[in-house]
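The next block holds one structure in the form of structure tokens; read it before the comments.
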Amino acid sequence: MDSNAIAHEILNAIGGSKNLTHNEVCMTRLRLSISDMTLIDYEQLSTATGVLGIVGKGANGLEVVFGPNLVNQVNNSLDQILGKPEITSCSLNEKHSTSLPTHNEEVDDLISLLAQKNTIDQNKEDFDSLTSDLDTDDFEDNYEDDLEAPRLLIINGPNINMLGIREPEIYGKADYRTLIEACKTEAQSQGFSDCVCYQSNHEGDLIDAIQDALGSYDGIIINPAAYTHTSVALLDTALAVQLPMIEVHLTDISTREDFRHISYIKDACFATVAGKGIDSYREAIQLMATHLKAEA
């Protein structure tokens, strides 16, 4: 993927470079601080190349979810476009320095004391004095959100974004946005901390999404659509990553045209749910939640 082109897509979707006041990377997320949130084209942003999801953070914050191999490239491209030095990757110890300018020295001192665990007793008086001066709100961040489990990735292949338009007598009248909302609602009810829905019409993008899910998600629900019947590459990727995976289809492919009876991705999945429309996704999410609890 062309990270420079993606960076331009992101800037266009958020209302231009002048509407971006800060950008940084944390885990798989591109964190953006926005001047005017009303200028954001959320539909354009959610469908930008490589974007797996969007999460709002506060009144002027936005997180754009990418795979771990892509997010740093996009952020670096943003920095190059904006003429900024590459100092925007956050870490556990660095995150507070940008958001807590009034406590930089105190936070640094506290981190230093924490690192000296073997000698903490002799420094206890200094440690207690320092921590008493710091407001606990100063340490509030969203890092734990990134570590919560389980996280679910839902991958949709070609033409799924055309739901409601494409052959509604076969695929139903509900549109793709309705599908996404149903998935997120069901995932939340099943205890998932995050549910990211990704769709692409390109086989390579789907392969990248599966690869990038390794280490970031606990399970994948996938509807490869037409690639179900043709893509050995998707199967190979799924077998390589070996994340728990469920195959899902809106229609019952076993009762349709002969060529649709073939499913390559099936060999990488522990279950298949088909023929129930959007309810196929809801049932798959329930099965995934049960599976992950059993494996925990």
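The 12-atom threshold is not exceeded at CD of Gln188, counting heavy atoms of other residues, nucleotides or ligands nearer than 6.0 Å. Glu257 CD: more than 12 foreign heavy atoms inside a 6.0 Å radius. More than 12 non-hydrogen atoms from other residues, nucleotides or ligands lie less than 6.0 angstrom from CZ of Arg256.
Using modelled atom types, one side-chain atom of Ser193 and one backbone atom of Pro150 make a donor-acceptor pair closer than 3.5 Å. A donor-acceptor pair under 3.5 Å links the side-chain atoms of Ser280 to the main chain of His249, judged by distance alone. Side-chain atoms of Ser231 never come within 3.5 Å of backbone atoms of Thr228 as a donor-acceptor pair (strictly under, hydrogens ignored). Checked by atom type and distance alone, the side chain of His261 pairs as donor or acceptor with a backbone atom of Ser254 at under 3.5 Å. Of the possible donor and acceptor atoms, none in the side chain of Asp279 sits under 3.5 Å from a partner among the backbone N and O of Arg282. Between the side chain of Gln199 and the main chain of Gly157, a donor-acceptor pair closer than 3.5 Å is present. Remark: side-chain polar atoms of Thr49 are not paired, donor with acceptor, to backbone N or O of Ile6 under 3.5 angstrom. Side-chain N or O atoms of Asn201 include one that pairs as donor or acceptor with a backbone N or O of Asn159 at under 3.5 Å. Counting only distance, with no hydrogens or angles, the side chain of Asn19 and the backbone of Ile34 share no donor-acceptor pair below 3.5 Å.
Linking ILVMFWY residues whenever their side-chain heavy atoms come closer than 4.5 Å, directly or via other members, places Val273 and Ile180 in the same cluster. A single hydrophobic cluster is not seen to contain both Ile278 and Ile253; linkage of ILVMFWY side chains at heavy-atom distances under 4.5 Å, directly or through other members, places them apart. The cluster map of Ile, Leu, Val, Met, Phe, Trp and Tyr, joined by side-chain heavy atoms under 4.5 Å apart, puts Leu243 and Leu235 in different clusters. Both Phe270 and Phe192 sit in one connected hydrophobic cluster of ILVMFWY residues. Membership requires side-chain heavy atoms under 4.5 Å apart, directly or through other members. Cluster membership for Leu206 and Ile220, using ILVMFWY side-chain heavy atoms within less than 4.5 angstrom, is shared.
Contact of the Val248 side chain with the Thr272 side chain is not registered, since no non-hydrogen atoms from C-beta on lie closer than 4.5 Å. Between Asn75 and Asp79, some side-chain heavy-atom pair lies under the 4.5 Å cut-off. Leu163 is listed as a side-chain neighbour of Leu250, based on a closest heavy-atom distance under 4.5 Å. Under the 4.5 Å side-chain criterion, counting only non-hydrogen atoms from C-beta, Asn161 is not in contact with Asn156. Residues Met288 and Pro244 have side chains in contact (heavy-atom distance under 4.5 Å, counting atoms from C-beta outward). When side chains are defined from C-beta on, Thr290 does not count as touching Leu287, because their heavy atoms never get closer than 4.5 Å.
Going from atom CZ of Arg166 over to atom OH of Tyr171 covers 3.5 Å, rounded to the nearest 0.5 Å. Distance check: Asn23 CG to Ser17 OG gives 11.0 Å after rounding to the nearest 0.5 Å. In this structure, Ile40 CD1 and Ser46 OG are separated by 11.5 Å, a value rounded to the nearest 0.5 Å. The distance from atom OG1 of Thr21 to atom CG of Leu32, rounded to the nearest 0.5 Å, is 9.0 Å. For the atom pair OH (Tyr227) and CD1 (Ile222), the distance works out to 11.5 Å, reported to the nearest 0.5 Å. With rounding to the nearest 0.5 angstrom, the CD1 atom of Ile170 is 7.5 Å from the OG1 atom of Thr251.
Closest approach of Ala209 and Ile155 over heavy atoms only: CB-CD1, 4.1 Å. The shortest non-hydrogen separation linking Arg29 to Arg151 is NH2-NH2, 3.5 Å. Of all heavy-atom pairs spanning Met245 and Ala238, the tightest one is CE-CB, 3.7 Å. Smallest separation of non-hydrogen atoms from Cys183 and Ile285: O-CD1, 3.5 Å. Of all heavy-atom pairs between Leu30 and Val71, the closest is N-CG2, 3.7 Å. For the pair Thr230 and Ala226, the tightest heavy-atom approach, listed with the atom from each and the gap, is OG1-O, 3.7 Å.
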For this session: Could you walk me through whether Tyr264 and Glu247 pass the side-chain contact (heavy atoms from CB on, under 4.5 Å) test, one step at a time?
Result: CA-CA 10 Å; Tyr264 286 101; Glu247 175 188 18; over 6 Å; no
For this session: Could you go through the side-chain contact (heavy atoms from CB on, under 4.5 Å) check for Tyr176 and Thr47 one step at a time?
Result: CA-CA 12 Å; Tyr176 184 57; Thr47 57; over 6 Å; no
Exercise. Going through the distances and angles, do Ile154 and Tyr198 end up as a side-chain contact (heavy atoms from CB on, under 4.5 Å)?
Worked result: CA-CA 6 Å; Ile154 298 178; Tyr198 175 71; over 6 Å; no
For this session: Kindly determine whether Leu179 and Ile160 satisfy side-chain contact (heavy atoms from CB on, under 4.5 Å), including the steps that lead there.
Result: CA-CA 10 Å; Leu179 172 63; Ile160 302 299; 4.0 Å; yes
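When each of Leu152, Leu52, Asp212 is checked for a side chain to side chain contact (heavy atoms under 4.5 Å, CB included) with Tyr217, only Leu52 meets the rule.
With no hydrogens or angles considered, no side-chain donor-acceptor pair links Gln190 and Gln286 at under 3.5 Å.
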